[in-house]
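Numbering of ligands and ligand atoms starts at 1, following listing order.
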Amino acid sequence: MQTNYTYNEQTYIRALRGANIVLWEWCTENSKIFFSNNLVDITGYDSDSFINLLDFIEKIVVSDDRTSAKNDLTFFMNGNTTTYRSDFRILTKDGKIKYFLITGKTTKTSKEGKKFLSGSLMDITEKKLLEEQIKYLAYYDSLTGIPNRFLFTNNLRIMLQNSKKGALIFLDIDGLKLVNDTFGHDYGDLLLIIFSQLMISAIKDSGKIYRMAGDEFMIIVDKFNSYKEVTNLCDNILNYLKKPFEVKYEQIYITISMGISIFPKDSNDINELYKYSDLALYKSKISGKNNFTFFQKNIFDLYNRRLTIEQELKSAIKNNEFHMLYQPQINSKNNEIIGFESLLRWESQKLGCISPAEFIPIAEKTGLIVEIGDWTLNCVCKVIHAMNIKGIELKKMSINVSPIQLRKPDFIYKFTNTYKKYAVSPSILEVEITEGTLINLSTSKLETIDILLKNGIRVSIDDFGTGYSSLNYLTNLPINTIKIDKSFIDNIYSKKNKAVVSCIINLSKLLNYEVIAEGVETKKQLDLLSEIGCTIIQGYYFSKPLPICEVEKLLIKGNTLGGA
Ligand code: C2E
Ligand code: CA
Ligand code: CA
């Protein structure tokens with residue numbers, strides 16, 4: 001059915017209301033401006049409140065925008081543009097700020113030849129707010145609310161263009177992945193938020209912090225007079241983190257590493273400065289973390305060494321550059337050797353002898369550790385087989401296994417095949433997994449450990465005390481042995497450390513775990529450990545890691561070892 005519909009003035013008024021648009025016309029000759037009635041809806045002012053456009057601008061536009069609004073009008077009136085266009089903020093009668101866009105054009109009536117400037121006034125507040133939000137999102141990190149890498153690049157570029165002096169501090173949280181994997185990503189996110197605020201307090205007005213990605217932050221120090229100021233700032237930041245902070249009722253300690261480049265001294269190119277501070281950060285990481293390093297050209301050498309190690313590792317097995325050493329584990333009550341830990345050695349043709357502490361992390365990063373792990377297991381089983389043939393009795397042999405190996409689906413298959421191939425009894429073998437790895441293993445990978453245990457292989461937690469696990473966590477673990485990390489033994493003289501070690505030992509006894517103290521170097525450490533009931537010792541006090549011929553000699557001689 002069709003309705004007869006007639007348009008009238010009301011139609012226009014309804015449409016204008018719907019569109020949030022006010023129409024206006026200003027007859028420049030009689031100077032009176034007309035606004036459509038709905039002006040009152042948007043601004044609170046009646047449509048006859050203003051004499052002309054200039055009066056409108058004077059009365060309603062916020063003072064900060066008034067000059068530019070007037071300039072836009074003058075520009076148009078002087079004939080510089082054919083369309084009048086201006087945007088500004090207005091203050092409504094009830095005190096709200098709104099964004100408006102005004103547009104208009106001049107027309108002349110054909111009869112009287114009068115000049116009219118007419119157009120519309122549109123409320124663009126929502127659009128403006130959205131634009132501001134987009135701008136905010138583009139320049140600020142959505143999680144922490146602090147500036148992001150875009151603003152970093154912008155601000156640094158401006159500083160460099162203006163030949164300003166300054167420093168870039170690249171900052172990276174040590175082991176955030178471990179926190180995420182242990183407590184969950186929500187917890188990690190909360191930590192990042194609290195951490196960012198803490199950094200803002202630590203930096204004060206010495207510089208500005210930006211979140212680059214994940215756990216990477218950058219500080220631009222703009223008030224730069226001397227290295228000392230930057231050193232003080234970094235010291236201050238490290239000091240702030242000495243105290244634990246609370247995230248979801250958990251007390252947490254975190255450490256960070258920093259790398260610093262100075263501009264324009266090191267470079268005045270953004271990418272170079274970024275790379276240099278990253279290299280300096282790399283140096284901080286490999287020299288034990290929780291510190292800071294200024295970029296120096298020789299860091300390139302370190303970096304190149306890493307690349308060479310990566311390259312050389314690829315052919316190390318083929319070139320026969322690996323061999324194993326074996327460090328005795330002793331029962332200090334009777335000096336009896338209860339077993340050995342197998343430790344890998346690399347004598348590179350190109351680089352000489354390289355510590356596993358240096359090359360294992362690189363092998364893990366590149367995935368080569370899987371092949372290397374296969375090689376070590378094969379080598380160790382072969383050696384045990386040879387001892388068996390010679391009738392030399394070995395009680396236990398520990399093998400370090402990397403998390404990367406454990407995550408491979410065929411790990412158990414390969415492991416079992418190897419010891420079976422050499423007729424090695426699984427009861428001799430012990431797999432060492434670091435505490436950090438164990439916490440990170442998902443439930444499905446914990447099954448891998450269960451299978452090892454079911455097959456009669458022993459499992460030990462290496463470097464115990466360096467991860468985030470609590471003693472409570474211990475009670476649920478499917479393991480046989482705990483190796484207390486050397487760092488505790490180094491400081492066993494401190495009351496606190498002694499108490500911690502004593503606690504671990506007591507709980508382990510209750511849970512039937514064997515405890516091994518690692519890195520025992522002195523008689524004093526040995527005595528303190530005996531005092532608190534830890535008798536199984538691995539360390540230079542008894543013996544450094546030995547070649548297989550020495551191991552065989554020892555075992556043939558009588559299975560005991562005197563201290564240093
Ligand atoms: P780790 O498993 O904690 O091994 C103990 C490290 O402490 C060994 O260093 C050992 O030589 C050293 N050590 C033992 N007693 C003392 C002592 O009294 N004083 C001092 N200063 N050091 C002592 P190494 O052989 O350089 O190995 C370093 C790390 O490299 C190992 O730490 C382990 O994480 C890794 N690694 C070594 N061999 C292998 C391997 O075959 N496979 C894997 N995946 N990792 C290995
Ligand atoms: Ca170990
Ligand atoms: Ca260890």
Practice problem: Apply side-chain hydrogen bond (donor to acceptor under 3.5 Å, both in side chains) to the pair Lys524 and Tyr541, showing each step before the final yes or no. | Solution: CA-CA 10 Å; Lys524 199 168 169 198; Tyr541 176 74; over 6 Å; no
The atom name of the N, O or S atom in Glu341 nearest to the Ca ion (ligand 2) is OE2
N or O contacts of ligand 1 with protein under 3.5 Å, please list pair by pair.
| from | atom 1 | to | atom 2 | distance (Å) |
| --- | --- | --- | --- | --- |
| ligand 1 | 2 (O) | Glu341 | OE2 | 3.2 |
| ligand 1 | 2 (O) | Asn400 | OD1 | 3.2 |
| ligand 1 | 2 (O) | Asp462 | OD2 | 3.0 |
| ligand 1 | 3 (O) | Asp463 | OD1 | 3.2 |
| ligand 1 | 15 (N) | Gln327 | NE2 | 3.1 |
| ligand 1 | 18 (O) | Tyr540 | N | 2.8 |
| ligand 1 | 19 (N) | Glu521 | OE2 | 2.5 |
| ligand 1 | 21 (N) | Glu521 | OE2 | 3.0 |
| ligand 1 | 22 (N) | Tyr540 | OH | 3.4 |
| ligand 1 | 25 (O) | Arg345 | NH1 | 2.9 |
| ligand 1 | 25 (O) | Arg345 | NH2 | 2.9 |
| ligand 1 | 38 (N) | Leu344 | N | 3.1 |

Pair Phe170 + Tyr276: ring centers closer than 6.0 Å:
no
Output for pair (Phe183 CZ, Leu191 CG), nearest 0.5 Å, gives 9.5 Å
CD (Glu341) and CD (Gln329) are apart, to the nearest 0.5 Å, by 6.5 Å
One checks the Ca ion (ligand 3) and counts protein N, O or S atoms under 3.0 Å, reaching 4
Open item on the list: Between Asn480 (side chain only) and Glu514 (backbone N and O only), is there a donor and an acceptor less than 3.5 Å apart?
Closed with: no
Shortest non-hydrogen pair, Tyr274 vs Met218, comes out as CD1-CE, 3.5 Å
* Does the salt bridge (charged side-chain N to carboxylate O under 4.0 Å, His left out) test come out yes or no for Lys486 and Glu518, once each step is laid out? -> CA-CA 5 Å; Lys486 180 173 180 297; Glu518 276 196 291; over 6 Å; no
**Request:** Fit a plane to each ring of Phe359 and Phe322, take the angle between them on a 0 to 90° scale, and name the class: parallel (under 30°), tilted (30 to 60°) or perpendicular (over 60°).
**Result:** tilted
Between Thr434 and Asp463, does any side-chain donor sit less than 3.5 Å from a side-chain acceptor? no
Cationic tip of Lys544 within the cone over Tyr540's six-membered ring, i.e. under 6.0 Å and within 45° of the normal?
yes
